[in-house]
Peer 1: 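I am attaching a structure below and will ask some questions about it afterwards.
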Amino acid sequence: MNRAVPFPEAVNRAVRALRPGEVASYGEIAEDVGAPGAARAVGNVLAGCDPTLPWWRVVRADGRMAVGKEEDQARRLRAEGVDVRDGRVRIR
DNA sequence: TATCTGACGATAG
DNA sequence: CCTATCGCCAGAT
């Protein structure tokens, strides 16, 4: 028995499942891959993820952008129709 | 095996 | 609303 799919790969898949305009938090992705509370670990994976992976659809729990990528991420999200206000995704 | 790191999260002040 | 601190997890060294 085998262990579950390697963490980075599982995260990779969860992020790829996100569709344009759809946004999720690191914590949400962590839960999706069966590792609740591993939000930081998810961030570490996205930090070195494949460039083809839509990493910009993953934001902080409070709707803020990834540290160091705020401009780039906000720009990409806006291009998909996401409402970004003052550097953070609009939380309803 | 031990320790440190980080694209996080929640709470306290 | 803001910053500061602690707690969390998986990977890297």
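In this text the structure is predicted, and so the values were computed from the model without any measurement. Below, chains carry the letters A, B, ... as their sequence lines are ordered, and counting in each starts from 1. Keep in mind that the numbers below use all heavy atoms, side chains included, and drop hydrogens, waters and symmetry copies.
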Peer 1: Is Tyr26(A) touching bases, backbone alone, or none of the nucleic acid, heavy atoms closer than 4.0 Å?
Peer 2: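 If one applies the 4.0 Å heavy-atom cut-off, Tyr26(A) turns out to touch a base.
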
Peer 1: Hey, does Ala47(A) reach any base, or is it just sugar-phosphate, or nothing, if we go heavy atoms under 4.0 Å?
Peer 2: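 Base, at least one base atom sits under 4.0 Å.
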
Peer 1: Please list, in 5' to 3' order, the outermost nucleotides of DNA chain C lying under 4.0 Å from any heavy atom of chain A.
Peer 2: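 Under 4.0 Å from chain A, the extent on DNA chain C is dG7(C) to dG11(C).
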
Peer 1: In terms of heavy-atom contacts, does CZ of Arg13(A) have more than 12 from other residues, nucleotides or ligands at under 6.0 Å?
Peer 2: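 Not buried by this count: 12 neighbours or fewer within 6.0 Å.
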
Peer 1: Touch check for Gly27(A), heavy atoms < 4.0 angstrom, all strands: base, sugar-phosphate only, or nothing?
Peer 2: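 Sugar-phosphate only.
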
Peer 1: Return the CG to CG distance between Asn12(A) and Leu53(A), rounded to the nearest 0.5 Å.
Peer 2: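 The distance works out to 4.5 Å.
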
Peer 1: Does Ala41(A) reach a base, just sugar-phosphate, or nothing at all? Heavy atoms under 4.0 Å.
Peer 2: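 Here Ala41(A) touches the bases of the nucleic acid.
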
Peer 1: Applying a 4.0 Å non-hydrogen cut-off, can you work out what Ala66(A) is touching in the nucleic acid: base, sugar-phosphate, or nothing?
Peer 2: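 Since a base atom lies under 4.0 Å of Ala66(A), the category is base.
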
Peer 1: So how far is it from Arg85(A) CZ to Arg78(A) CZ, rounded to the nearest 0.5 Å?
Peer 2: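 The distance works out to 8.5 Å.
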
Peer 1: side-chain contact (heavy atoms from CB on, under 4.5 Å) for Gln73(A) and Val82(A)? Distances and angles first, verdict last.
Peer 2: CA-CA 11 Å; Gln73(A) 185 164 22; Val82(A) 178; over 6 Å; no

Peer 1: Applying salt bridge (Lys or Arg N to Asp or Glu O under 4.0 Å) between Arg57(A) and each of Glu28(A), Glu80(A), Glu22(A), report the one that passes.
Peer 2: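 That would be Glu80(A); it is the only one of Glu28(A), Glu80(A), Glu22(A) passing the salt bridge (Lys or Arg N to Asp or Glu O under 4.0 Å) with Arg57(A).
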
Peer 1: Given side chains that start at C-beta, do those of Val84(A) and Arg75(A) come closer than 4.5 Å, heavy atoms only?
Peer 2: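 Answer no - side chains too far apart.
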
Peer 1: Could you tell me the boundaries of the chain A footprint on DNA chain B, defined by atoms under 4.0 Å from its heavy atoms?
Peer 2: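 Listed 5' to 3', the contact boundaries are dG6(B) to dA10(B).
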
Peer 1: Using every non-hydrogen atom in the two residues, find where Val45(A) and Pro8(A) come nearest and quote the distance to one decimal.
Peer 2: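 That closest heavy-atom pairing would be CG1-CA, 3.8 Å.
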
Peer 1: Measuring from atom CE of Met65(A) to atom CG of Asp72(A), what distance do you get when rounded to the nearest 0.5 angstrom?
Peer 2: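 Rounded to the nearest 0.5 Å, the CE-CG separation comes to 11.5 Å.
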
Peer 1: Looking at dG7(C), which nucleotide sits across from it as a Watson-Crick or G-U wobble partner, both distances under 3.5 angstrom, or is there none?
Peer 2: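 The base-pairing partner of dG7(C), which may sit in any strand shown, is dC8(B).
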
